Protein chains: 2
Amino acid sequence: MNATDPQPGTTRPHTGRRRNEAAHQAILDAALRLLAESDGTPVTIDAIARTAGVGKQTVYRWWPSKGAVLLDALADRADQAAPAPSTGDLRADLRTFIATTFDGAQRGTTAPALRTLAREAARDPHLAELMQTFTASRRTALRELLTRGRERGELAEDADLDLIVDQVYGLFWYRFLLGHAPLTADIADHLATTLITGNA
Amino acid sequence: MNATDPQPGTTRPHTGRRRNEAAHQAILDAALRLLAESDGTPVTIDAIARTAGVGKQTVYRWWPSKGAVLLDALADRADQAAPAPSTGDLRADLRTFIATTFDGAQRGTTAPALRTLAREAARDPHLAELMQTFTASRRTALRELLTRGRERGELAEDADLDLIVDQVYGLFWYRFLLGHAPLTADIADHLATTLITGNA
DNA sequence: TGTTTGTCGAGACTGTTAGTCTTGTCAAGT
DNA sequence: ACTTGACAAGACTAACAGTCTCGACAAACA
């Protein structure tokens with residue numbers, strides 16, 4: 001190490017042209033629009049760059065892979081993820097959580113975007129990992145909701161909380177991706193009731 | 001139409017070299033082996049043809065797409081799909097059906113092959129459609145099992161059978177594809193019980 | 001004002017893969 | 001022998017992810 005090496009904790013003063021925030025946003029917007037308009041066809045980086053009026057290299061300067069861009073584009077929107085409800089009534093909280101999940105995924109143009117993202121994740125291990133950390137927080141929120149209910153005695157001591165969580169998200173993704181049957185508030189209501197009564 | 005057109009119901013006598021059944025089987029074997037050995041990496045047609053010692057065109061002479069080959073390779077094995085049990089006890093029949101499904105998907109080298117196939121189907125609409133007709137027969141078998149139980153009064157008249165079916169397959173695919181939690185006989189047992197008691 | 005540094009848009013380039021096309025060979029029937 | 005069509009080999013096209021290069025430009029600093 002000599003005097004010209006960068007020092008830990010110190011940062012060389014910035015020089016050169018600054019990053020263009022407008023380009024960043026244009027890329028995200030283009031990705032989201034293409035994702036939403038996609039009929040299941042994969043969204044390409046070329047298309048995103050062209051739509052955003054940006055060079056491909058600019059995309060790769062900000063994100064490490066196509067999947068990262070797509071996830072980021074959708075994450076903006078999902079950051080408004082509702083906090084888990086906690087009214088003190090497990091069945092009502094669970095019902096609200098499930099209904100909110102169903103609704104959030106299907107509201108506006110989110111559905112085709114999320115579907116396309118999931119399909120891409122099936123063949124892109126990098127994206128799959130990113131997506132898993134993203135969905136993990138919702139799984140945790142649901143699990144904590146159930147834990148609170150169990151502590152209040154609304155669920156059996158030995159109830160398999162992970163199984164209940166997987167039953168919710170299993171049904172959700174199965175119907176969401178295949179699209180052969182609806183995900184309505186009625187279904188959410190029914191699900192909340194049966195999942196609790198079967199494990200109380 | 002004139003006299004040289006092929007007549008419906010008549011077939012011009014076959015001429016030329018006959019199809020090589022050995023090549024057909026070699027392709028299927030190669031596809032199944034590569035599918036089973038795959039660590040999630042997509043299986044390529046070139047690899048199948050090379051492994052089978054066959055020209056690529058020979059593959060495409062017999063199957064319309066890569067997906068069709070892969071599905072066919074796996075379908076051979078799954079044809080041994082167990083018939084739906086019918087003992088007269090809904091809970092026992094349902095438990096057996098679910099446990100058989102879990103077990104069949106995980107026995108031997110089937111699991112990685114089926115996982116790879118499902119991942120490919122996520123981005124290949126042609127394969128997705130083929131796979132859907134394939135899985136539809138199992139869904140129907142399960143639905144009929146439930147219908148018989150309902151006729152015996154073991155399920156409420158207004159029980160949502162499609163929802164129960166989707167809950168079974170939703171959980172199955174969710175855990176099977178993500179692999180974060182097991183699909184054991186215990187789970188099958190628990191599932192059979194709660195799905196019935198919640199809808200009885 | 002001019003120099004340095006690093007981003008910008010544009011697009012050429014590489015590597016991979018599905019699916020098609022070509023070629024010369026070989027087997028089954030006439 | 002001759003015709004027909006399957007065969008193995010592999011060249012070819014079209015997409016696409018990701019890298020590399022280039023000349024232009026913008027921000028700091030001298």
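Every value quoted in this text rests on a predicted model; they were computed, and no experiment measured them.
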How many Å lie between CG on A:N20 and P on C:dT5, as a whole number?
22 Å
Using atom CD of A:Q57 as one end and atom P of C:dG6 as the other, report the distance to the nearest whole Å.
15 Å
From A:L191, A:L146, A:L94, residue fulfilling side chain to side chain contact (heavy atoms under 4.5 Å, CB included) relative to A:I196
A:L94
Which pairs with one or both residues in residues 121-137 of chain B pass side chain to side chain donor-acceptor pair (under 3.5 Å), sequence neighbours excluded?
A:E120-B:R123
Tell me, which of residues 24-32 of chain B have any heavy atom that sits under 4.0 Å from an atom in DNA chain C?
none
Test of understanding: with side-chain hydrogen bond (donor to acceptor under 3.5 Å, both in side chains), list the residues that count as partners of A:S38, not counting sequence neighbours.
A:T116
Nearest of D:dC7, C:dG29, C:dA10 to any side-chain atom of B:R18?
C:dG29
Rounded to the Å, how far apart are B:R119 CZ and C:dT17 C1'?
19 Å
The nucleotide from C:dG29, C:dT20, D:dT19 with an atom nearest the side chain of A:K56 is D:dT19
Could you list all the side chain to side chain donor-acceptor pair (under 3.5 Å) pairs where at least one residue sits in residues 173-185 of chain B, not counting sequence neighbours?
A:R139-B:Y174, A:D166-B:R175, A:D166-B:H180
Using the side chain to side chain donor-acceptor pair (under 3.5 Å) rule, collect all pairs that involve residues 100-109 of chain B, keeping only residues at least two apart or in two chains.
B:R77-B:T109, B:D103-B:R107
From CZ of B:R17 across to P of D:dG5 the rounded distance in Å is 14 Å
Restricting to side-chain hydrogen bond (donor to acceptor under 3.5 Å, both in side chains), what partner residues turn up for A:R148, sequence neighbours left out?
A:S86
Would you list the atom pairs, donor with acceptor, under 3.5 Å between side chains in residues 154-164 of chain A and any protein atom, with sequence neighbours excluded?
{"from": "A:E154", "atom 1": "OE1", "to": "A:L90", "atom 2": "N", "distance (Å)": "3.0"}
{"from": "A:E154", "atom 1": "OE2", "to": "A:L90", "atom 2": "N", "distance (Å)": "3.4"}
{"from": "A:E154", "atom 1": "OE2", "to": "A:R152", "atom 2": "NE", "distance (Å)": "2.7"}
{"from": "A:E154", "atom 1": "OE2", "to": "A:R152", "atom 2": "NH2", "distance (Å)": "3.0"}
{"from": "A:D160", "atom 1": "OD1", "to": "A:D162", "atom 2": "N", "distance (Å)": "3.3"}
{"from": "A:D160", "atom 1": "OD1", "to": "A:L163", "atom 2": "N", "distance (Å)": "3.1"}
{"from": "A:D162", "atom 1": "OD1", "to": "A:R143", "atom 2": "NE", "distance (Å)": "2.8"}

Output the single nucleotide from D:dC7, D:dC20, C:dG9 whose closest atom is nearest the side chain of A:T58.
C:dG9
Angle class for the B:F102/B:F172 ring planes (parallel below 30°, perpendicular above 60°, tilted otherwise)?
parallel
Summary of salt bridge (charged side-chain N to carboxylate O under 4.0 Å, His left out) pairs that have at least one residue in residues 85-101 of chain B, sequence neighbours excluded
B:R91-B:D189
May I have the distance from A:L34 (atom CG) to D:dC16 (atom C1'), rounded to whole angstrom?
15 Å
Residues of residues 60-71 of chain A with a heavy atom under 4.0 Å from any atom of DNA chain D, listed by number, are A:Y60, A:S65, A:K66
With sequence neighbours left out, which residue pairs that include part of residues 37-47 of chain A fulfil the salt bridge (charged side-chain N to carboxylate O under 4.0 Å, His left out) condition?
A:R33-A:E37, A:D46-A:K56
For B:H190, what residues pass the ring-ring contact (aromatic ring centres under 6.0 Å, His included) criterion, not counting sequence neighbours?
none
Look at the side-chain N and O atoms of B:R19 and state whether any lies under 4.0 Å from the OP1 or OP2 oxygen of D:dC7.
no
Nearest-Å distance for atom pair CZ/P, residues A:R123 and D:dA15:
17 Å
Within residues 42-51 of chain B, residues whose heavy atoms come under 4.0 Å of DNA chain D:
none
